[in-house]
Undergrad: 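For reference, the structure I am asking about is given below.
This is a predicted model, so every value here is computed, not measured. All chains are named by letter (A, B, ...) in the order of the sequence lines, taking the proteins before the strands, and each is independently numbered beginning at 1.
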Amino acid sequence: MRVTVIDYKAGNLTSVLKALRYLGAEPDVTDADLSPIEAAERIVLPGVGHFAATERLDATGLTHAIRAAIARDIPFLGICVGMQWLYAGSSEAPEQPGLAHFAAQCTRFPEGDEKVPHVGWNSLEARSNSQLLADVEPGEYVYFTHSYKAPVTANTAAIARYIEPFAAAVERQNVMGVQFHPEKSGETGLKILRNFLGWEAKGTAC
Amino acid sequence: MLTKRIIACLDVRDGRVVKGVQFVDIIDAGDPAALAARHAREGADEIVLLDITATYEGRQTLLDTVRRTARELFVPFAVGGGIRSARDAEQVFEAGADKVSVNSAALSDPTLIDTIGRSFGAQAVVVAIDARRDPQAPDPVRDAQVFVQGGRKSAGRRVVEWAREAEARGAGEILLTSMDNDGTRAGFDCELTAAVSESVGIPVIASGGAGTVAHFTDVFARGRADAALAASIFHFGVSSARSLKEELAQAGVSVRLPC
């Protein structure tokens with residue numbers, strides 16, 4: 001399967017590529033060339049660090065190409081900052097817009113007694129009809145490392161709780177995002193990536 | 001709920017895992033890739049590989065070891081020891097590490113923390129501090145001193161103050177090793193860990209002295225540690241991470257189970 005992983009110079013891709021290969025996918029990486037996105041069967045947007053790094057997606061034309069791929073129903077998975085980019089923006093870099101596929105804004109965890117960043121293994125409360133999180137049992141743990149998070153909305157596929165409930169995963173049709181790192185979340189993470197690779201479009205008739 | 005992390009540490013020299021007592025008396029404990037895989041399978045929440053090799057050949061061996069260890073490891077993987085520049089860090093990331101741990105080089109040039117953090121994100125930078133209480137000082141804990149060169153030389157800095165600076169420069173976590181307790185299996189230095197943990201807003205990993213389950217409950221409660229690191233108690237089959245975590249769960253500590 002042709003999985004295109006997008007490199008916008010926000011951290012290291014090695015772990016994501018390694019996990020995809022382990023699951024039998026053949027990932028290719030693009031940092032500016034748009035043609036792999038036009039041929040992609042899956043798109044993965046990883047990312048750690050600062051939301052401002054997503055500016056590069058706009059500058060290279062990747063934003064436009066990704067939007068077009070999403071419109072063609074190509075399954076898309078954003079990881080960490082890659083998930084946050086699916087929203088309208090983040091208070092981490094207010095001048096930099098996100099894709100606005102989901103309307104909400106990402107914000108920093110409030111200051112208080114608890115430490116920020118939220119680092120470590122936390123449990124998921126997944127929505128029962130999530131395709132991405134199919135077979136993830138209540139209370140399975142995944143690995144997080146982040147200071148900003150998306151709010152819980154109708155599109156939230158899983159909630160995690162730290163300081164307050166937040167969106168650990170988001171999913172609407174072919175567009176998915178996870179705040180945690182599935183490539184670092186042991187068997188649970190591999191199961192989620194396997195679900196993404198095996199994702200099939202559901203009929204929209206209802 | 002966020003759980004307390006149990007981290008398995010591999011001290012590596014020339015491609016082999018070794019373990020010393022108070023940084024000396026080194027003995028062989030096996031192959032890093034095999035041990036890392038075993039720890040992950042047995043429930044370790046994270047793996048740290050600390051290289052204690054100083055030679056150029058050793059560095060190439062290290063990169064090869066990191067590559068081999070990372071290949072089928074799907075939990076967070078940190079690598080430290082002798083990372084002196086952003087280029088060193090980059091090579092280690094490319095070989096498959098998720099985090100680098102910097103120690104002496106960050107003390108000589110603290111901007112190394114900023115530089116690595118800017119390129120790879122704060123979550124990828126762990127600042128390791130080798131600490132020793134200062135028995136001569138008015139407050140031996142608050143005035144604990146930082147040591148470098150494998151604990152041979154004082155860095156002339158207070159631990160708490162250095163941890164704060166590391167955080168301000170963009171470190172994602174602090175790995176605090178008590179040299180007084182390291183390898184003794186007599187318990188973590190809970191007072192020192194608490195002093196650092198309460199001074200910073202980033203997670204603190206306690207290291208040095210793990211011997212019993214009670215030592216872990218103690219360092220999470222009294223020491224306010226976010227994670228605890230151990231080496232020898234796992235290597236020689238005294239306790240697997242899973243059995244340790246099952247006992248911790250019974251004692252009321254939130255841990256990742258089943259794992």
Undergrad: Heavy-atom pairs under 4.5 Å with chain B - which of His50(A), His146(A), His118(A) has more of them than the others?
TA: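 Counting heavy-atom pairs under 4.5 Å, the top option is His118(A).
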
Undergrad: Within a strict 4.5 Å, meaning less than it, do heavy atoms of the Phe74(B) and Glu183(A) side chains meet?
TA: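 A side-chain contact under 4.5 Å is absent here.
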
Undergrad: Which answer fits His181(A), side chain, backbone, both or neither, if we ask what part of it has an atom under 4.5 Å from a heavy atom of chain B?
TA: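 Neither part, no heavy atoms under 4.5 Å.
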
Undergrad: Look up atom CZ in Arg21(A) and atom CD in Glu72(B), then write down how far apart they are to the nearest 0.5 Å.
TA: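 Spacing of CZ (Arg21(A)) from CD (Glu72(B)) equals 13.0 Å.
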
Undergrad: I need the Thr14(A) OG1 to Phe93(B) CZ distance, nearest 0.5 Å.
TA: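 Answer for the OG1-CZ pair, Thr14(A) versus Phe93(B), is 9.5 Å.
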
Undergrad: Among Tyr22(A), Tyr162(A), Phe144(A), which residue has the highest count of heavy-atom pairs closer than 4.5 Å to chain B?
TA: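 Option with the greatest count: Tyr22(A).
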
Undergrad: How about Met1(B): does its CE atom have over 12 heavy atoms from other parts shown lying under 6.0 Å from it?
TA: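 12 or below, so no.
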
Undergrad: Quick check on Arg67(B): does its CZ atom have over 12 non-hydrogen neighbours (other residues, nucleotides or ligands) under 6.0 Å away?
TA: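 Atom CZ in Arg67(B) is packed in, count exceeds 12.
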
Undergrad: How close do Ala97(B) and Asn12(A) get, heavy atom to heavy atom, and via which atoms?
TA: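 Result for this residue pair: O-ND2, 3.4 Å.
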
Undergrad: Tabulate, in ascending numerical order, the residues of residues 74-97 of chain A having at least one heavy atom closer than 4.5 Å to a heavy atom of chain B, or enter 'none'.
TA: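 Within residues 74-97 of chain A, no residue comes under 4.5 Å of chain B, counting heavy atoms only.
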
Undergrad: Give a yes or no on this: more than 12 heavy atoms of other residues, nucleotides or ligands lie within 6.0 Å of atom CD of Glu198(B).
TA: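 Yes, because the 6.0 Å sphere around CD of Glu198(B) holds more than 12 heavy atoms from other groups.
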
Undergrad: Find out whether Pro76(B) and Tyr143(A) are in side-chain contact, i.e. whether some heavy atom of one side chain is under 4.5 Å from a heavy atom of the other.
TA: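 Touching, per the 4.5 Å side-chain cut-off.
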
Undergrad: As an exercise: rank Arg71(B), Arg118(B), Lys4(B), Glu46(B) by heavy-atom pairs under 4.5 Å with chain A and give me the winner.
TA: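 The residue among Arg71(B), Arg118(B), Lys4(B), Glu46(B) with the greatest pair count is Arg71(B).
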
Undergrad: Below 4.5 Å from any heavy atom of chain B, which atoms of Leu13(A) appear? Answer side chain, backbone, both or neither.
TA: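 Neither the backbone nor the side chain of Leu13(A) comes within 4.5 Å of chain B.
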
Undergrad: Between Tyr141(A) and Thr3(B), is there a side-chain heavy-atom distance shorter than 4.5 Å?
TA: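 A side-chain contact under 4.5 Å exists here.
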
Undergrad: Less than 4.5 Å to any heavy atom of chain A: does that hold for the side chain of Val125(B), its backbone, both, or neither?
TA: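 Neither the backbone nor the side chain of Val125(B) comes within 4.5 Å of chain A.
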
Undergrad: Nearest heavy-atom pair of Thr145(A) and Gln123(B): which atoms, and what distance?
TA: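 The pair with the smallest heavy-atom distance is OG1-CB, 3.1 Å.
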
Undergrad: With rounding to the nearest 0.5 Å, note down the distance linking CZ in Arg41(B) to CD in Glu187(A).
TA: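 Answer rounded to 0.5 Å: 11.5 Å.
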
Undergrad: Is there a donor-acceptor contact under 3.5 Å linking the side chains of Ser119(B) and Lys9(A)?
TA: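 No.
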
Undergrad: Report which part of Val116(A) has an atom under 4.5 Å of a heavy atom belonging to chain B: side chain, backbone, both, or neither.
TA: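 For Val116(A), backbone heavy atoms alone lie under 4.5 Å from chain B.
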
Undergrad: Ignoring hydrogens, what is the shortest heavy-atom contact between Ile202(B) and Pro117(A)? Give both atom names and the distance.
TA: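 Minimum heavy-atom separation between Ile202(B) and Pro117(A): CG2-CD, 3.9 Å.
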
Undergrad: Here's one to test your reading of the geometry: is the NZ or CZ of Lys184(A) within 45 degrees of the ring axis of Phe77(B) and under 6.0 Å from its centre?
TA: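 Lys184(A) over Phe77(B) ring: no.
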
Undergrad: Given heavy-atom pairs under 4.5 angstrom as the criterion, report whether the side chain, backbone, both or neither of Ser123(A) touches chain B.
TA: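 Ser123(A) touches chain B through backbone and side-chain heavy atoms alike.
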
Undergrad: As an exercise: rank Ala227(B), Ala70(B), Gly117(B) by heavy-atom pairs under 4.5 Å with chain A and give me the winner.
TA: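 Among Ala227(B), Ala70(B), Gly117(B), the one with the most close pairs to chain A is Ala70(B).
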
Undergrad: What part of Glu173(B) gets within 4.5 angstrom of chain A, counting heavy atoms only: side chain, backbone, both, or neither?
TA: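 Only the side chain of Glu173(B) comes within 4.5 Å of chain A.
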
Undergrad: Drop me the distance from Glu140(A)'s CD to Arg256(B)'s CZ, to the nearest 0.5 angstrom.
TA: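 Spacing of CD (Glu140(A)) from CZ (Arg256(B)) equals 10.5 Å.
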
Undergrad: So which of Asp45(B), Leu2(B), Ile6(B) actually passes side-chain contact (heavy atoms from CB on, under 4.5 Å) with Trp121(A)?
TA: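 Of the listed options, the one satisfying the test is Asp45(B).
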
